[in-house]
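Numbered from 1 within each chain, the chains take letters A, B, ... in sequence-line order.
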Amino acid sequence: MNLFSDIRALVIGTLEMMTKEGDLPDGLSFGNVTVEPPRDPLHGEMATNAAMVLAKPAGQKPRDIAQKLVSILSTDDRIISVDIAGPGFLNLCIVPHVWQSLVKEVLSSGRAYGTSAMGAGQTVNVEYVSANPTGPLHVGHTRGAVFGDALAGLLDYAGYDVTREYYVNDGGSQVDVLARSVYLRYLEAHGQEVAFEDGTYPGDYLIPLGQALKNKVGDAYLDQGEQFWLAEIREYATEAMMGMIRDDLAMLGVSMDSFFSEKSLYGTGAIEAAIDSLRAKGLIYEGVLELPKGKKSEDWEPREQTLFKSTDHGDDVDRPVMKSDGSWTYFAPDVAYHADKVNRGYDLLINVFGADHGGYVKRMKAAVSALSRGKIPLDIKLTQLVRLFKDGEPFKMSKRAGNFVTLRDVVDQVGADVTRFVMLTRKNDAPLDFDFNKVLEQSRENPVYYVQYAHARGYSVQRRAAEAGINVDIATLGVADLSRLSHEAELVVIRRLAEWPRLIEIAARTNEPHRVAFYLYELASDLHALWNKGNEEPALRFLQEDDPDTSQAKIALVQAVCVVISAGLGILGVKPVEEMR
RNA sequence: GGUCUGUUAGCUCAGCUGGAUAGAGUACUUGCCUCCGAAGCAAGGGGUCACAGGUUCGAAUCCUGUACAGACCGCCA
């Protein structure tokens, strides 16, 4: 149930009636007609722009259309009054009963209140994290993981059938580098002096792996050439790294539905098939790329390569799928991977990339567009950098030196809930400052506590009510006399609850889970405000000891707020709490 | 040189399909615990929405250009 779409349906119905009666010309599109909460509550409870957006196409004055709309709309029994304001807005006042009954709706639907029909069971694949299996997840991956997981949760809530997927880059040369680095640690475990040169991973996290390898194979790999051990160590190390990454994700509360291995594309003809499918569309050719402007020409040697004509699908330059030595580029298995996603029949694809992969957006979209003949949309969300601060000083991290701030470091220090919420109180495409001191020492100012506190207060009231002998079980609240919720301050909260389904649709349409976080903050703020008004106006206190019926109605409202907070936090992957500790 | 992001209050940021007098937090000033948990609430000051054009009934929002910041730009992934 969505009150705003209900009233919008009423407005559209009225417009259609007007068309039938000749008050409006045939063939008008009502797609731009909105019904939304007005920015200023003094303007009423709902506002529609119908008269204004239709004035021009209808060739009539806004106020004339508005006048006619008013006379029809005001006969609906849900509507108290309709006013024409400003240049032609219609401000609607809704009968209190409609608002009050929303509380009942929330309580009976529970978490399902706000779930939406917009997804309509469409299948969507959300690919996120997809970090190389060469080390632990760092703080940048953390943001991608949090964002992707919240987005998946949001789409799930909005009615999509969501697959959460991790693309494991276990096929490229970086896993050879990993294997060589582990080999060095293995030699080290045997007491040898080793040097980590450029092109190896010097991080400490590989030390236990070298030790474990020694325990496993003894001295079998000593004094042996790479061809003897590389493949086996690669296998062994990749698996170990993925185990570590899964553990990291679990700390954050992220669990994937699917891990797709890049390696599985090799040797099966999958890459060849994907490239052939592009070739069949005339999009593969042999050619020489031009020197990118701004690059030094000394470093540049023209080479003939196998190229994908991505410029036919909106890219700026064509992209190589094969290196001049005949091996695949990184892009080729990516094309095959996305061909696989297309073939799996998803209605919608979403990739979450770090900002450093921004250069791949156009070519991936081009590839999916070509592979699916433009039928399957691919949305790519970039998460910008996380800038870490401690004591006001920026934290520098260097993956090469192996001293980077890991997901584990962050979650150990501040906890999964705070990490997630803080990272979601920012748009994905803007950089994020993450200050350890702020999220820890000044935790009172942390929005996650603010929202959880509202939820905890809601449960606190219920405990108090139960102690006072008032029945507050969910069935009783569900039949409470909600007409007692007539105070403006209470209606403010109900109107906020009414916005929830609409917010979900907006957030899901734009793939922007941060909107959920901001909404929850506002809803929590409304509840805190109402709570404190009880200090000055005893009639607004939730607990009216001598009046169980009124208490039940008020507590039903509080419970409805808790339901929505809980649902919202659930989308974001943050735990609602019933008590603050 | 090119591509992609971003630029809104002193600071950190929201701002929906273009809509009414641009909103929060923080900081500052001042109130509120005999009262459901003060991890809270209320009030006040604080703005050339980077800049310049354009589109229209209407622009922080769309378009063009400029400035500044960040990420990326064949034979790494």
Side-chain donor/acceptor pairs under 3.5 Å, residues 306-313 of chain A, sequence neighbours excluded:
{"unit_1": "A:T306", "atom_1": "OG1", "unit_2": "A:E286", "atom_2": "OE1", "d": "3.3"}
{"unit_1": "A:T306", "atom_1": "OG1", "unit_2": "A:E286", "atom_2": "OE2", "d": "2.9"}
{"unit_1": "A:S310", "atom_1": "OG", "unit_2": "A:D315", "atom_2": "OD2", "d": "3.0"}
{"unit_1": "A:S310", "atom_1": "OG", "unit_2": "A:V317", "atom_2": "O", "d": "3.0"}
{"unit_1": "A:T311", "atom_1": "OG1", "unit_2": "A:D318", "atom_2": "OD1", "d": "2.6"}
{"unit_1": "A:H313", "atom_1": "ND1", "unit_2": "A:S369", "atom_2": "OG", "d": "2.8"}

Taking only nitrogen or oxygen atoms into account, show me every contact under 3.5 Å that the protein makes with nucleotides 30-33 of chain B, one pair per line with its distance.
none

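- Heavy atoms of A:F518 sit under 4.0 angstrom from primed sugar atoms or phosphate atoms, though from no base atom.
- Within 90° of 0 lies the glycosidic angle of B:rC33, which makes this nucleotide syn.
- Closest heavy-atom contact between A:K381 and A:T510: NZ-O, 3.2 Å.
- Taking the ring-ring contact (aromatic ring centres under 6.0 Å, His included) definition, one finds that A:Y453 meets it with A:H528, sequence neighbours left out.
- For A:R502 against B:rC16, a side-chain N or O and a base N or O form a donor-acceptor pair under 3.5 Å.
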Q) Under the ring-ring contact (aromatic ring centres under 6.0 Å, His included) criterion, do A:F260 and A:Y166 qualify, and how do the steps go? A) CA-CA 6 Å; A:F260 190 99; A:Y166 186 123; over 10 Å; no
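- Within a heavy-atom distance below 4.0 Å of RNA chain B, the residues of residues 505-515 of chain A found are A:I506, A:R509, A:H514, A:R515.
- Between the side chain of A:R463 and the base of B:rC36 there is no donor-acceptor pair of N/O atoms closer than 3.5 Å.
- In RNA chain B, the stems built from three or more successive Watson-Crick or G-U pairs (distances below 3.5 Å) are B:1-7 with B:67-73, B:10-13 with B:23-26, B:28-32 with B:40-44, B:50-54 with B:62-66.
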Each nucleotide N or O in nucleotides 4-8 of chain B that has a protein N or O under 3.5 Å away: list the pair and distance.
{"unit_1": "B:rU5", "atom_1": "O2'", "unit_2": "A:D429", "atom_2": "O", "d": "2.7"}
{"unit_1": "B:rG6", "atom_1": "OP1", "unit_2": "A:D429", "atom_2": "OD2", "d": "3.4"}

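- Following rounding to the nearest Å, A:N32 (CG) and B:rC62 (C1') show an atom-to-atom distance of 13 Å.
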